[in-house]
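Okay, so here's the structure we're looking at.
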Amino acid sequence: MFAVLALIQATFNVTAPVFALVLLGCLLKRLGWIDTAFVNTASSLVFRATMPTLLFLGILKADLGEALQPLLLGYFALATVTSFLVVWGWAVWRCPPADRGVYVQGAFRGNCGIVGLALAATQYGDYGLSVGGILAGMVILFYNVLSTIVLALYSPQLQANWRTILRSILGNPLIIGILVAIPFAYWQWQLPRWLDTSARYFAALTLPLALMCIGATLSLAALRESSRLALGASLWKIVWIPLLGVLGALALGIQGPALGVLFLYLGCPTAASSFVMARAAGANAQLAAAIVVISTLGGMLTINLGLLLLQALHLV
C-alpha cells in the first residue's frame, strides 16, 4: 500500500509542475502580461538556444558505458520507429492533411528526458537513473529526426522534398545540440566550471518558457475544436503504444526493472518540445499544445495503473 501511494505521489510531483506552468501561461496571457509577440519570441528562443543547451548538458553527463543493455536499447529504438510508422499510417487515414504532422509527433514523442527519467529514478534509484539516461539520450535523437521529417512533409511553409527534409534535419538546433554532445560524453570532456554553470542557468529557462507558451497559446475554443484529434493522439501516446510495447518486450523475455523502465518511457506523456517544433514549422501549434496537456493529465492515471498491474503480475 505504501509503495502504491509513493508511486502516485512521485507521478504527481513530476506532472503537477507541468500543469502549474501551463496554467500560469494562461493566467499571464489573460492579465495581458504576455502577448503573442512574447510567445513567438520565447518559442523561438527555446527552439534555437535553450532546449539545445538542455539536451547537450543532459547527454554530456551520461556515462555511455554504464548500464548499457543492447537488447533493451535495440528494442526501444525498434518500438519508437514502429510506433512512429503505425501512427503515421493511422493519421493518413483519420486526420486532415494539415494536422497529420502534429498528430503523429504528439502521438509518438514522449517526454522521456524529463518525466520518464524522473519516474525511472524515483522507482528504481540508481539503476533507473543510469539505464534511463542512456535510453533518453538515444531516443531524443530518434524523436527529433523523425519529428522533423513528418513536420516537414506536412508543413505549410516548407516544400516537401528530400533536400528540404535533409536540410531541416541537419539544421535542427535540437539535433545539433545532441550530436555536438556525443563526443563530449564519449571522451568525458568537461566544460570549464564557469561555462557549465552559465549553461545550466540558461538551459533552466527551457521548461518554464515552453510550458508558459503552451498555456498562453491554449484557448477553450481551440481546445474544443482540436479535442477529438488531441484525444486520439493522447490515447496513442499513453495507452496503445505502452500496451503494445510492453507485450512485445515480454515476447522477447524482457522483464524486471528493465521492463519497468521501458514501460515508464513508452507511457510518459507527450514532450513540450513537440509544441516548440510544431510552432517553428508553422504547423497547428494549438493542437500540439492540447496534446501535451491532455496526455500529461491522462498520463498521471495510466502510468500508475500500468505499473501497478505489472507489479501485481510480478513482471517488474
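Basis for what follows: all heavy atoms, side chains included, without hydrogens, waters or symmetry-related copies.
Cluster annotation: Leu78 is not connected to Leu259 through the hydrophobic network of ILVMFWY side chains, with a link wherever side-chain heavy atoms come within less than 4.5 Å. Residues Leu54 and Val139 do not share a hydrophobic cluster, defined by chaining ILVMFWY side chains whose heavy atoms lie under 4.5 Å apart. Under a hydrophobic-cluster definition in which Ile, Leu, Val, Met, Phe, Trp and Tyr are linked whenever side-chain heavy atoms come within less than 4.5 Å, directly or via other members, Leu252 and Leu244 are assigned to different clusters. When the side chains of ILVMFWY residues are joined at heavy-atom separations under 4.5 Å, either directly or via intervening members, Leu23 and Leu297 end up in two distinct hydrophobic clusters. Clustering ILVMFWY residues whenever any of their side-chain heavy atoms sit less than 4.5 angstrom apart, transitively, puts Leu247 in the very cluster that holds Val239.
Using cut-offs of 30° and 60° for the angle between ring planes, the Trp93 and Trp90 rings count as perpendicular.
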>> Let's go through Phe263 and Val316 carefully: what are the C-alpha distance in whole Å and the side-chain angles of both, what is the deciding distance for side chain to side chain contact (heavy atoms under 4.5 Å, CB included) to 0.1 Å, and is it a yes or a no?
In response: CA-CA 10 Å; Phe263 166 74; Val316 298; over 6 Å; no

>> As a quick check of understanding, evaluate side chain to side chain contact (heavy atoms under 4.5 Å, CB included) for Ser147 and Ser274, giving each step before the final call.
In response: CA-CA 8 Å; Ser147 295; Ser274 64; over 6 Å; no

> side chain to side chain contact (heavy atoms under 4.5 Å, CB included) between Leu73 and Met138: does it pass, once the steps are laid out?
Replying inline: CA-CA 8 Å; Leu73 285 169; Met138 178 198 70; 4.0 Å; yes

>> Pair Asp99, Asn284 - check side-chain hydrogen bond (donor to acceptor under 3.5 Å, both in side chains), show working.
In response: CA-CA 7 Å; Asp99 292 332; Asn284 188 345; 3.2 Å; yes

>> What verdict does the side chain to side chain contact (heavy atoms under 4.5 Å, CB included) test give for Tyr265 and Leu119, after you've listed the backbone C-alpha separation in whole Å, the side-chain angles of each residue and the deciding distance to 0.1 Å?
In response: CA-CA 9 Å; Tyr265 271 53; Leu119 291 176; over 6 Å; no

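Note that the CD1 atom of Ile291 and the CD1 atom of Ile238 stand 11.5 Å from one another [nearest 0.5 Å]. One finds the NZ atom of Lys237 at 9.5 Å from the CZ atom of Phe108 (value rounded to the nearest 0.5 Å). For the atom pair CZ of Phe202 and CG of Leu57, the computed distance is 11.0 Å after rounding to the nearest 0.5 Å. A distance of 7.5 Å separates CG in Leu146 from CG in Leu85, rounded to the nearest 0.5 Å. Between the CG atom of Asn144 and the CG atom of Leu151 there is a distance of 10.5 Å, given to the nearest 0.5 Å. Summarising the geometry, atom CG belonging to Leu309 is positioned 9.5 Å from atom CG belonging to Leu243; distances are rounded to the nearest 0.5 Å.
Between Trp88 and Leu153, the closest side-chain pair of non-hydrogen atoms falls below 4.5 Å. Considering only heavy atoms from C-beta on, Gln105 stays 4.5 Å or farther from Thr270 through its side chain. Within the 4.5 Å cutoff, no side-chain heavy atoms of Met51 are placed close to those of Pro173. The shortest distance between side-chain heavy atoms of Phe56 and Leu191 falls below 4.5 Å. With contacts defined as side-chain heavy-atom distances shorter than 4.5 Å, the pair Trp240/Val87 does not qualify. Looking at heavy atoms from C-beta onward, Val22 lies out of side-chain contact with Met212 at the 4.5 angstrom threshold. In this structure the side chain of Leu262 never reaches within 4.5 angstrom of the side chain of Val246, judged on heavy atoms. Here the side chains of Leu229 and Pro96 are in contact, with some heavy-atom distance below 4.5 Å.
Counting heavy-atom neighbours within 6.0 Å of Trp189 CH2, excluding the residue itself, gives a total above 12.
The nearest pair of heavy atoms linking Ala107 to Ile241 is O-CD1, 3.2 Å. Heavy-atom minimum distance, Cys213 versus Ser43: SG-OG, 3.7 Å. Taking each heavy atom of Ala79 and Leu266 in turn, the nearest pair found is CB-CD2, 4.4 Å. For the pair Ala230 and Ile294, the tightest heavy-atom approach, listed with the atom from each and the gap, is CB-CD1, 3.7 Å. Minimum interatomic distance between Ala272 and Ala210 (heavy atoms only, all atoms of both residues): CB-CB, 4.4 Å. The two residues Ala42 and Leu209 make their nearest non-hydrogen contact at CB-CD2, 4.1 Å.
Between the Thr41 side chain and the Phe38 main chain, no donor and acceptor come within less than 3.5 Å of each other. Proximity of a side-chain donor or acceptor of Arg100 to a complementary backbone N or O of Cys95 within less than 3.5 Å is detected. Of the possible polar contacts, none joining the Ser44 side chain to the Asn40 backbone as a donor-acceptor pair under 3.5 Å is found.
When the side chain to side chain contact (heavy atoms under 4.5 Å, CB included) test is applied to Ala204, no partner is found at least two apart in sequence or on another chain.
In summary, the side chains of Ser295 and Ser234 do not present any donor paired with an acceptor at a separation below 3.5 Å, with no hydrogens or angles considered.
The only member of Ile140, Asn172, Ile175, Ile178 that meets side chain to side chain contact (heavy atoms under 4.5 Å, CB included) when paired with Val145 is Ile175.
The aromatic ring centres of Tyr143 and Phe84 sit 6.0 Å or more apart.
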